[in-house]
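Numbered from 1 within each chain, the chains take letters A, B, ... in sequence-line order. FYI, side chains are in, hydrogens and waters are out, and symmetry mates aren't considered; it's all heavy atoms of this structure. No experiment lies behind these values; they were computed from the predicted model shown.
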Amino acid sequence: MIATWYAIVSLMLVLYVVLDGRNFGAGMLQRFVARTPDERRQVIAAIGPLWSWHEVWLVGFGGTLVAVFPRLMASAFAGYYLALMLILWGLILRGVSIEVRGQIDDPLWRGFWDFLFAFSNFLLAILFGAAAGNQVRGVPLDAHGNFSMAFFTDFMARGHVGLLDWYTLSVAVFTVMVLAAHGATYLTLKTEGAVHDRCAKWARHLWMAVVPLFVAISVESWKVRPGLADYAMNRPFCWMGLLLVIAAVCAVVSGITKGEERRAFFGSNLFLVGLLVTGSAVFFPVMLYSTLAPENSLTAYSAAAGSKSLFLASFWWPAGLVLATIYFVFISRRYAGKVSVARDNQGYY
Amino acid sequence: MFAFFLESAFIGALIWGEKRLGPRYHFLAAAAVATGSWLSGFFILVTNAFMQHPAGYEVQPDGSLGLVSASAYLLNPWALVQFLHNQMAALVTGSFVVTAIGAFYTLRKLHPTQARLYLRAGTLTALIASVLVAFPTGDQQAKMVGRYQPVTLAGMEGRFEGGRDAGVAVIGQPDVAERRLDNPVEVPGALSFLAYGTFQSFVHGLDEYPPEDWPDNLELLYYSFHIMITLGTIFIVIMSYAAFRRWRGRLETSTWFLWVLMLALPLPYIANTLGWMTSELGRQPWLVYGLFHTRDGYSKVVSGGDTIFTLIGFAGLYFVLGVLFLLLTGRQIDRGPDGEAQLQVGGEESFV
């Protein structure tokens with residue numbers, strides 16, 4: 001039961017990263033791939049209609065975590081307090097800038113919101129990356145399952161760590177690169193003309209950087225979190241995840257070199273899926289690892305809600321998911337294909 | 001949670017997709033946004049109602065609360081009453097906005113056809129909603145407070161002593177140190193009647209409860225509640241008068257009354273905020289009423305400085321968003337109803 005819920009929560013995280021990741025990437029790259037107002041609009045139109053729908057998966061992920069693993073949330077929401085508030089502000093700014101930029105047709109106004117849009121996307125990618133780094137490295141959990149962290153301490157990944165250290169920073173850089181590569185691949189698929197060509201170039205360069213970085217991060221993680229390699233060897237899900245990553249890299253490389261945009265984007269999605277599947281599988285059942293003493297760590301079993309609550313949730317959750325999936329299929333079909341400023345421009349973006 | 005998906009997904013579809021979806025699907029999307037907003041509003045209020053009047057739970061061996069009955073949780077009587085009261089308040093707000101815009105256009109002699117429609121539909125809806133928000137929904141809500149949180153009701157009404165034939169103070173300032181209401185003007189028996197149905201009913205006073213069970217900020221609670229009630233009464237008076245003028249066919253001719261309708265715009269927003277303050281201040285000192293004290297509920301590892309920092313941050317962010325909202329809404333009103341129809345996203349959200 002608890003393992004199933006762990007898998008469900010992981011699945012929601014995967015969905016969120018895959019779906020919203022393209023928006024982060026596109027947002028970060030907007031300034032680089034689009035120069036004229038029309039081109040900027042094309043980028044916004046590529047992510048426009050669905051970004052809030054993608055973001056809701058984060059709410060879904062958080063909501064499910066609260067419902068199923070309340071002990072984890074009690075500890076993590078308080079421990080990550082400042083970081084979470086920054087993420088929240090970033091999400092607010094991102095949402096506001098994308099909705100407000102089209103309200104006044106003025107180059108200064110649009111330029112300002114475009115800048116804020118790019119800035120908040122960078123900030124969010126860095127923060128989410130650092131958060132992922134913290135999950136791998138662990139946090140200074142005490143014997144009561146509580147922790148509080150400074151933004152940074154001595155930048156060492158041992159003992160009384162801060163939110164940022166050499167390891168989490170490197171994961172943040174990696175995250176920025178991966179999401180940018182993902183976004184560039186997505187934009188290549190969705191756009192035409194000059195934007196398309198620039199995106200294709202960015203995608204090629206970014207993926208060339210991501211693959212060696214992935215190897216480097218894996219080695220770092222193995223150094224930072226003891227026992228990681230043993231788990232990775234012994235669990236079939238980890239092998240599957242790693243195979244997915246390798247298959248994804250092949251798909252991306254062949255997709256980009258042959259100009260098969262769909263294949264490249266499929267590979268890009270697969271890469272994120274494989275990465276997160278490996279991560280979830282390798283750490284199970286530990287959900288929050290303690291850098292002070294491993295026995296303080298919070299596991300899925302110690303953090304889960306009572307069995308009656310879980311029983312109730314197992315009825316409500318699938319019902320919600322089925323409805324959401326039906327809707328998702330419907331809406332994706334409606335918005336399939338390349339965007340065109342001439343056809344879709346309604347003055348809203 | 002699903003309601004959130006529905007709402008946000010279709011808002012996107014609604015705003016962005018007019019051409020791509022075609023008119024039929026576009027209307028469907030609009031309906032879905034409305035349903036989603038209602039549903040998510042309901043779920044938010046179910047959560048709040050659980051904190052006011054817990055239902056469908058069980059205390060587990062380790063002392064934590066577990067949900068055992070989804071139906072009892074979702075059909076919490078408090079939630080139903082609170083939801084209706086809240087939705088009526090939202091309707092009051094919306095209709096006052098429409099009325100104010102109609103009054104503005106009439107005063108400026110702009111867009112006469114739409115202005116007439118806005119004024120007429122706005123004042124009629126506002127009258128109905130203003131009555132409904134007070135009775136039966138507000139009335140039921142107060143009865144619920146009287147039944148389940150008598151100490152809160154005593155605080156809201158500034159009743160330091162219990163007794164029969166309790167009056168409602170129309171004017172009066174609570175003096176917590178002296179435990180009395182200064183220079184009160186009371187309607188005798190009204191509170192007994194409103195809360196429990198007869199003029200002779202016994203209404204509990206604060207003196208029956210130890211001070212540590214009193215709502216923490218009595219004065220603020222008292223004033224929030226009373227100003228909300230006063231505003232609600234004013235809404236009914238204004239809109240009744242509007243209905244009277246309309247019946248005489250003189251709704252659009254009186255400059256001073258159009259000014260009143262236009263300037264009444266912010267009042268429902270104030271009343272909504274005060275209503276929430278009454279609800280949340282009245283619940284103190286409990287986080288979950290009767291089960292969990294607020295003083296036990298805060299996080300020990302988040303420092304006071306951190307929370308002040310984020311509070312200031314949120315205040316700043318919301319101030320900027322508020323200015324932005326006024327600017328863009330003002331432009332939209334200025335542009336008039338003939339321009340391409342655009343939506344004000346997030347208006348409803350702000351008072352849920």
Side-chain angles (χ1 to χ4, degrees), chain A residues 45 48-53 55-57 59-60 63-64 67 70-71 74-75 77-79 81-82 85-86 88-89 92-93 96 99-100 103-104 142 144 146-149 305-313 315-317 319-321 323-324 327-328 331 334-335 343-349, chain B residues 1-22 25 29 32 56-58 60-62 64-70 73 298-303 306-307 309-311 313-314 316-318 320-321 324-325 327-329 331-332 339-340 342-343 345-346:
Chain A
L50 297 178
W51 74 268
S52 63
W53 150 253
E55 205 175 276
V56 173
W57 286 100
V59 181
T64 314
R71 282 284 299 120
S75 172
F77 266 34
Y81 181 76
L82 277 183
M85 288 301 152
L86 284 179
L88 192 55
W89 291 347
I92 292 176
L93 287 180
V96 167
E99 295 294 341
V100 158
Q103 296 282 345
I104 296 178
D142 64 19
H144 307 290
N146 293 324
F147 70 100
S148 66
M149 271 192 306
S307 53
K308 278 187 180 162
S309 305
L310 287 183
F311 182 71
L312 271 182
F315 281 99
W316 289 96
W317 192 86
L321 187 77
L323 288 173
Y327 172 72
F328 177 66
I331 205 77
R334 283 264 147 195
Y335 288 102
R343 187 182 58 205
D344 291 332
N345 181 17
Q346 297 180 35
Y348 299 142
Y349 36 80
Chain B
M1 210 174 75
F2 173 70
F4 254 125
F5 277 95
L6 195 69
E7 184 184 353
S8 70
F10 280 105
I11 277 188
L14 182 68
I15 303 175
W16 303 77
E18 203 170 349
K19 281 186 191 156
R20 275 223 161 177
L21 292 176
Y25 280 121
Y57 68 95
E58 179 186 82
Q60 287 167 348
D62 64 345
S64 66
L65 295 179
L67 189 62
V68 291
S69 164
Y73 175 73
Y298 73 92
S299 173
K300 308 245 177 336
V301 296
V302 177
S303 74
D306 283 358
T307 48
F309 169 72
T310 49
L311 182 66
F314 271 111
L317 195 59
Y318 273 64
V320 172
L321 291 181
L324 205 60
F325 172 76
L327 171 77
L328 293 174
T329 313
R331 273 173 58 91
Q332 213 59 42
E340 205 174 5
Q342 293 206 10
L343 277 172
V345 182

Completion exercise
For L82(A), the side-chain contact (heavy atoms from CB on, under 4.5 Å) test, sequence neighbours excluded, returns F151(A), D306(B), F309(B), T310(B)
Exercise for the section: For F314(B), check ring pair (Phe, Tyr, Trp, His ring centres under 6.0 Å) against everything at least two apart and list the hits. Expected result: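 Here the qualifying residues are W89(A).
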Problem - Heavy-atom proximity to chain B below 4.5 Å, by part of L86(A) - result: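 Contact with chain B: none, neither part.
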Handout entry: Per-residue contact mode, F147(A) against chain B (heavy atom under 4.5 angstrom)
Key =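 Backbone of F147(A) only, per the 4.5 Å heavy-atom cut-off to chain B.
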Completion exercise
Minimal heavy-atom distance between Q103(A) and R331(B), with the atoms involved, is O-NH2, 3.6 Å
Practice task
Would you mind reporting whether L321(B) and I92(A) have side-chain heavy atoms less than 4.5 Å apart?
Solution key: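 Touching, per the 4.5 Å side-chain cut-off.
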